[in-house]
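Please read these numbers as outputs of a predicted model, since none were measured by experiment. Read the numbers this way: they start at 1 and go in the same order the structure lists the ligands and their atoms.
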Amino acid sequence: MKVINSSKEFDLISFDSPVAFVPTMGNLHEGHLTLVRYAKKNYSDVITSIFINPLQFGKNEDFSSYPKTLTHDIKLLENLDCDYLFLPEDNFAENLISIKPKFADVLCGISRPIHFQGVLTIIDKFIKVIKPDVCLFGLKDYQQQLIIKDYVNTKKIRTKIISLPTVREKSGLAMSSRNNYLSPSERKHCGKIFACIENLSKDLRESKTLSTVESLKTKGLIHLKKNDFEIDYLEILDADDLSFVTKKTMNFLIAVAVKYRKVRLIDNIVVSL
Ligand code: PAF
C-alpha cells in the first residue's frame, strides 16, 4: 500500500481506473473494512483516507479526544490489500469555502448544527483532489450519505456515491468508532437501540398506516428511556428527502440518536412499504 502524504502527489500518480475512494477518520472497524473490501472487489484502484476533519466537530464535541490508531489502521488496510492510503497535509481543511448542505436542518443537524456543513465541505475537497469514480459510505450515517448524494447530483459531479448497509456488532449495535468509548457489557446493552427500531419497523410493516407513526415513536421513546438511553431524537421521516411522512411516502426512515453514558450513538432502518 502506498501512502500519499500531500494533495499535490495526486497529480503525479496515474491511477488504474475505475478508482474507488473510502473516506474515513481512522480508528477503522468492520464497517470501514466492509467498504474497502467492496471497493477492492469492484474497482481497480482503492484509495482510503484517514483524516479527523476539524470542520465537522462542534465546540463541545470529541475532536481532540477522537481515537487515533494509525499503526493498527495501516495494518488492517494492508491486510485488505488497499492500494493507497491518503493522509492529508495538516492544513487540508483550511481556507475552504463552506458548503451549505440540503437536508441538514433535521435529525443530527439539530443537535450538531455545523456538522454536515463540515462533512460536505471536506468531502467536496477530497473529491476535487482525488477525482474518484466512486466514493463509498456506510448507511449508518444515513443523513450524511443522503446529503452528499444530493450535492453530487445537484452539482453534476461525475463521482458516483455508493452507500452500503450498516455493519453491526453481535448485539446489533451499529459499528462506530465511538463504540470504543464503551465497555463490552455496555456495548451489549446498546444492542437494544437496534432492537428497538427493528421492532418499530416490524410494527410499521404490519400496520401500513400513517396514523401509527406517532404512536410508534412514543412506544420507541418509552422503551429507550426505560433502558437508560438519553434521547436526542427518534424520528420517522420520508427516507427520500427527510420530510414529514405523508400518504404518498413509500420509504420510511426510522432514525434514532441517543446518548449512553455520555457516548452519542446513532442508528436507522429504512422501511419500504
Ligand atoms: O463518516 C465519517 O467518518 C466522516 O464524516 C467522513 C465522511 C470521513 C468525513 O470526514
Side-chain angles (χ1 to χ4, degrees), residues 4 7 20-36 38-39 46-58 61-70 72-74 76-77 82 84-94 96 98-104 107-109 111-130 132 134-152 157 159-168 173-181 255 257 263-268:
I4 301 174
S7 304
F21 170 48
V22 182
T24 83
M25 299 204 298
N27 195 231
L28 302 181
H29 52 65
E30 254 322 292
H32 300 114
L33 301 182
T34 302
L35 300 179
V36 176
Y38 178 93
V46 178
I47 304 168
T48 301
S49 67
I50 295 181
F51 181 66
I52 305 176
N53 170 27
L55 305 177
Q56 68 188 72
F57 289 82
E61 294 185 350
D62 54 350
F63 173 63
S64 50
S65 62
Y66 199 85
K68 295 170 191 71
T69 52
L70 186 59
H72 188 238
D73 291 347
I74 289 177
L76 293 172
L77 291 172
C82 177
Y84 296 90
L85 169 62
F86 179 30
L87 302 173
E89 52 276 22
D90 287 344
N91 64 358
F92 189 70
E94 286 172 18
L96 302 180
S98 281
I99 302 174
K100 288 247 182 308
K102 211 170 148 185
F103 310 132
L107 304 178
C108 290
S111 53
R112 307 187 73 191
I114 59 131
H115 176 69
F116 291 115
Q117 183 168 317
V119 169
L120 192 55
T121 304
I122 210 71
I123 290 297
D124 180 65
K125 165 108 187 212
F126 271 120
I127 288 178
K128 282 186 175 127
V129 169
I130 299 175
V134 300
C135 188
L136 291 118
F137 295 90
L139 277 168
K140 190 206 72 166
D141 298 300
Y142 187 89
Q143 191 173 9
Q144 168 171 281
Q145 57 86 44
L146 189 74
I147 284 172
I148 295 167
K149 268 186 186 151
D150 171 74
Y151 176 72
V152 164
I157 294 168
T159 302
K160 192 174 163 210
I161 305 301
I162 295 179
S163 308
L164 296 188
T166 303
V167 182
R168 301 183 177 281
L173 175 63
M175 295 255 180
S176 160
S177 299
R178 294 199 170 96
N179 296 357
N180 283 339
Y181 298 139
V263 181
R264 192 169 190 278
L265 302 163
I266 60 170
D267 205 348
N268 69 79

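- The protein heavy-atom contact nearest to atom 10 (O) of ligand 1 is Q56 OE1, 2.6 Å.
- The protein atom (non-hydrogen) at minimum distance from atom 3 (O) of ligand 1 is M25 CG, 3.8 Å.
- For ligand 1, the atoms sitting less than 4.0 Å from at least one non-hydrogen atom of T24 are 8 (C), numbered in the order shown with element in parentheses.
- A donor-acceptor contact under 3.5 angstrom links the side chains of K149 and S163, judged on distance only.
- Centroid-to-centroid, the aromatic rings of F51 and F86 stay 6.0 Å apart or farther.
- At a threshold of 4.0 Å, the pair E61-R112 counts as salt-bridged, since one of the basic side-chain nitrogens sits closer than that to a carboxylate oxygen.
- For atom 5 (O) of ligand 1, the nearest non-hydrogen atom of the protein is Q144 OE1, 2.7 Å.
- Remark: R264 does not engage D62 in a salt bridge, criterion side-chain N to carboxylate O under 4.0 Å.
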